[in-house]
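Heads up, the thing below is written out as structure tokens.
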Amino acid sequence: MKKIILIALLFSCCIAVNGQQNTLNLMPVPKQLTAMSGKNRITNKFTVSVQGNVADTVLFKAVNRVYQNLNRKTGLAFGQQYITPTDKNDSASLIVNVKTKAEAGIDVNESYSLKATEKQIVLNAVTTIGALRGLQTIIQLCDKDESGYYFPCVVIEDSPRFKWRGLMLDVARHFISYEEMKRNIDAMAAVKMNVLHWHLTDDEGFRVESKLFPLLHQKGSNGDYYTQAQLKEIVRYAAERGIVVVPEFDMPGHAQSWFAGYPELASQPGPYHPGPRMQWQKEHPEIKTPPVTSIADIVANMVAPTFDPTNEKVYDFLDKFIGEMAGIFPSGYMHIGADENNGQAWKLNPKIMGWMKQHQMQSTDDLQRYFVERVYGLMKKHHRTMIGWEEIYNDKLPKDAIVHKWIPSDNSMIKSYGMANDIAQHNPVLISEGFYLDLFLPAYIHYNNASIAAANNPNILGGEAAQWTELADNNNIDGRIWPRAAAIAERLWSPANVTDVDDMYRRLYVLSNELDEQGLNHLTNYERALRLLTNGEPTEHLQVLTDVLSQVKGYRKLVAMMMRAPQASYQTTPLTSVSDVILADPATKRKFRALVKLYLEKKDKNAEEAIRAYLQTWKQNDTYLQPLFAGNKRLMEVQDHSKNLSAAAAIGLEALDRMDKGITDAAWVQKQSDVLTVFEKAHYETEIVVIPEIEELVIGHTIAKPEKYSAF
Ligand code: ACM
């Protein structure tokens, strides 16, 4: 009987989560959440006490950060100056109870439970790291109404679905500053991510200081690299937020920057300079505008800078380098890249081909396998678990090497090495397939990640959002990653049955504002960039337009940039055009979409009023923008959009009028739909994102969202 009651209880908790009415503003949604009636009002008497005998600086610093955050948010001027181990007070507003001190790590217990009543909040955690996760939930619980700030009464039991919830950040294509890294680590902590996968080297730059091989950073970068002191500080900063740092040093391919200072390690003679490896104009001057579909052929056939696996000096070098880096990055994991090596640099070297023959190797795949095995041995020597992109995968790969899946399983452009579940039968797997933020896809596409939805093998450790930075730099990186990465963080933390996209979006934009308030710059940078585009003139009307624009999805802009290299590479082109500065999944689109849905499905009058207000604003906006457009070349690329948005809004208003009057006219609907289809097309590198909703108003019902978009 007891068992039945327990099952019934668990089931009702699941329903509470699944039904989505009780998710509050929490992101990620906790495993179990029971919202209760009542509010715990926050006053200036708000106090905190850390119970138990855990003398843990990390914990106390985290508790103080939360305390300061709440003080700042509520503006109440709390009386307790800061929280120390001697503040033992059983009647404090917030009690934090931790059993054991623990360090950030993949296998650490991250669970916590939280109970908020009208009188007190109690956070219980087995470890420090669980407490850090719970403290973030407390920040997100803080809400306000007409009477002020409060915590809703709630009972939460929480722990993650996956133990690896990462963000892969490329700092090679564009260097991302030390300060930016810290901002992003704070944002990761806010959504309970636990791995910063730091892509520190690639063809375009070697971003770590090596004391053993100083030409790596001196010649392999433009001077933008992290000193060892900075690297250690980032590792410490992340650890204090429950995040481990996993560095990636790319080999055998994506390795041009290693060879700038040490060309003797490469398969082809130098000289080498850090920079884009695909230099279309240099290599194929005869073809002016290559078809995008030929990109896969280029990648398959180009001669790219690649380590020489037959040279013993390579392994001596890597042994020393890995040892040096192991002293800086204590996480126990190291990523070697190993992706996109087509073997061409090896095929063109007779010495390497001779060596392969001598060792009975049939193909360059065998040589790649040999190289990966040798590096695996070096990793073992330095007590590191090796990770590589899925190209390291083969049936002889040692069982503890982690395979990082990234290639779409549908084999549309590049051949995949297998589905995550299949690879996981042999090796631990991380999933970034479907999590590429640099494709400019809306958050729901990542949220619905099919590979994660299908994950049924415990050897799938989790996944990582991935942000490559060909088209991102310090000025726009925050907006490239956030808030969309939070949807991925939720997918990796929350139970698989948390799938309500509308509710995800509602919470995502609450969190987005919170993150910017806390110091992330995704919204601030956008507004600042608009001022640059208006030459300091007021940006209000430009923002009305840019708030409903998004980048063309996929790699179209990147491919166009690659074709221009080296004359105007993506490393030297300023990232200040409209497509560089806008956000990929604008809040206005989602708010408008929710209103249109509410109106069309429920005929909600308030929703109709709000829709009309949006449409009126958009309709008039082009007139307001005309003076700004005059003589402003940088805004040329959005002039057509501005005109089209106004015309589309007029159509939307007419559609509402017709619906109100009960007019049905198939010919009118067809004509307007045709016009809207034209407006939906991209101009330059952006597109208007609210046209589908205006079309829904015209046809009188909602249309399903696309399930996927092409990368090219
Ligand atoms: C990759 O995107 N080449 C891992």
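All figures in this text were calculated on a predicted structure; none of them were measured in a lab. Counting convention: from 1, in listed order, for ligands and their atoms alike.
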Atom pairs and distances, ligand 1 N/O vs protein N/O under 3.5 Å:
from     : atom 1 : to     : atom 2 : distance (Å)
ligand 1 : 2 (O)  : Tyr436 : OH     : 2.6
ligand 1 : 3 (N)  : Asp339 : OD2    : 2.6
ligand 1 : 3 (N)  : Glu340 : OE1    : 3.2

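Taking 4.5 Å as the limit, some side-chain heavy atom of Glu340 sits within range of a side-chain heavy atom of Glu391.
Shown here are the side-chain contact (heavy atoms from CB on, under 4.5 Å) partners of Ala266, two or more places apart in sequence or in another chain: Phe259, Tyr272. Taking the side-chain contact (heavy atoms from CB on, under 4.5 Å) definition, one finds that Ser331 meets it with Val244, Val246, Tyr333, sequence neighbours left out. With sequence neighbours excluded, the residues that form a side-chain contact (heavy atoms from CB on, under 4.5 Å) with Ala489 are Val191, Met193.
The distance from atom CD of Gln344 to atom OG of Ser267, rounded to the nearest 0.5 Å, is 12.0 Å.
For Trp389 and His199, the ring centers sit 6.0 Å or farther from each other.
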